[in-house]
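Start at 1 and go down the list; that is how both ligands and their atoms are numbered.
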Amino acid sequence: PSACNLQGLWRNELGSNMTLSALDAAGTFLGSYHTAVAATNNQILLSPLQGSLQHSSTKGQPTFGFTVQWLFADSITAFVGQCFVDRRGKETLETTWLIREEVPSRRDSWRATRVGTSTFTRI
Ligand SMILES: CN1C(=O)N(C)[C@H]2CS[C@@H](CCCCC(=O)O)[C@H]21
């Protein structure tokens, strides 16, 4: 069992928030992501996510990954991360993300992916 439970409402340093559902027996979960900022001028919409938690963690600080399918942009983001619990029981999700946006041609493929890190704490 992991002392770190992914289920619930999280916010990151960019002001985005995400809701993660309960895990099923396989450790998979669903959720939704509401971003405060975007690289597109389209109207921002709540977007679905799906992921997996390595819930076999013996140390209670499991790794996870999830993908957000943006409903308002021609891009997709994959997150990988780990859930950490401090001595007071406060949980933090440390993540690294890749966003791939649709570009017009293979010649533009070099500029299609951005990478970054993001830290989530419970709301
Ligand atoms: C707000 N964000 C956020 O909370 N991140 C962790 C990063 C990685 S996903 C990106 C938002 C992408 C929105 C869709 C698009 O503009 O293509 C940025």
Side-chain angles (χ1 to χ4, degrees):
S2 75
C4 219
N5 173 11
L6 242 52
Q7 185 177 358
L9 199 47
W10 301 87
R11 176 170 294 153
N12 71 3
E13 73 287 344
L14 295 172
S16 299
N17 50 57
M18 67 177 174
T19 305
L20 301 181
S21 74
L23 301 180
D24 63 16
T28 54
F29 58 88
L30 297 172
S32 54
Y33 202 99
H34 185 271
T35 172
V37 293
T40 162
N41 292 323
N42 299 341
Q43 191 203 349
I44 288 173
L45 301 171
L46 194 66
S47 298
L49 68 87
Q50 44 187 347
S52 307
L53 180 81
Q54 288 296 63
H55 60 326
S56 55
S57 156
T58 51
K59 299 160 212 52
Q61 297 189 121
T63 56
F64 58 87
F66 62 90
T67 303
V68 187
Q69 182 183 25
W70 304 109
L71 299 184
F72 61 91
D74 295 329
S75 62
I76 192 159
T77 301
F79 289 78
V80 290
Q82 186 174 354
C83 183
F84 293 102
V85 192
D86 71 13
R87 64 177 67 89
R88 291 187 198 78
K90 185 177 181 311
E91 297 153 303
T92 303
L93 307 181
E94 291 293 336
T95 73
T96 302
W97 50 265
L98 295 166
I99 184 167
R100 174 87 193 194
E101 65 177 88
E102 184 180 330
V103 290
S105 80
R106 276 180 66 191
R107 285 188 303 281
D108 304 292
S109 191
W110 63 273
R111 63 177 177 82
T113 307
R114 292 183 172 94
V115 62
T117 58
S118 187
T119 301
F120 294 82
T121 49
R122 278 197 191 278
I123 303 173

### Task
Going by heavy-atom distance to atom 5 (N) of ligand 1, choose the closest among Asn17, Leu98, Leu14, Thr96.
Leu14

#### Entry: Subset of ligand 1 atoms that lie under 4.0 Å from at least one heavy atom of Ala38
16 (O)

### Query
Nearest protein heavy-atom contact for atom 1 (C) of ligand 1: which residue, which atom, what distance?
Thr35 OG1, 2.9 Å

### Query
Just by distance, with hydrogens left out, do Thr77 and Trp70 show a side-chain donor and acceptor under 3.5 Å apart?
yes

### Query
In terms of side-chain heavy atoms, does Ser109 have a donor or acceptor partner in Arg100 at a distance below 3.5 Å?
yes

### Summary
Under 4.0 Å from one or more heavy atoms of Ser75, ligand 1 contributes atoms 14 (C), 15 (C), 17 (O)

### Summary
Taking only non-hydrogen atoms of Phe79 and a 4.0 Å limit, the atoms of ligand 1 in range are 6 (C)

### Query
So, does Trp110 use its side chain to make a donor-acceptor pair with the main chain of Arg106 at under 3.5 Å?
no

### Subset of ligand 1 atoms that lie under 4.0 Å from at least one heavy atom of Ser16
1 (C), 3 (C), 4 (O)

### Message
With heavy-atom distances below 4.0 Å as the criterion, list the atoms of ligand 1 near Asn12.
### Response
3 (C), 4 (O), 6 (C)

### Query
Do the non-hydrogen side-chain atoms of Ile99 and Glu101 ever get within less than 4.5 Å of each other?
no

### Query
Does one side chain, of Gln82 or Thr63, offer a donor that lies under 3.5 Å from an acceptor on the other?
no

### Task
Could you list which atoms of ligand 1 come closer than 4.0 Å to a heavy atom of Ser118?
6 (C)

#### Entry: From the candidates Trp70, Tyr33, Trp97, the one that places a heavy atom nearest atom 13 (C) of ligand 1
Trp70

## Note on the structure
Logged contact type for Ile99 with ligand 1, heavy-atom cut-off 4.0 Å, is side chain

### Query
Aromatic rings Phe64 and Phe66: how do their planes relate, parallel, tilted or perpendicular, breaks at 30° and 60°?
parallel

### Task
For Thr77, counting its heavy atoms only, list the atoms of ligand 1 lying under 4.0 Å from any of them.
9 (S)

### Query
If every non-hydrogen atom of Leu45 is compared with every non-hydrogen atom of Leu71, which pair is closest and at what distance?
CD1-O, 3.8 Å

### Query
Numbering the atoms of ligand 1 from 1, which are under 4.0 Å from a heavy atom of Ala39?
15 (C), 16 (O)

### Query
So which heavy atom on His55 is nearest to which on Ala25, and how close?
NE2-O, 2.8 Å

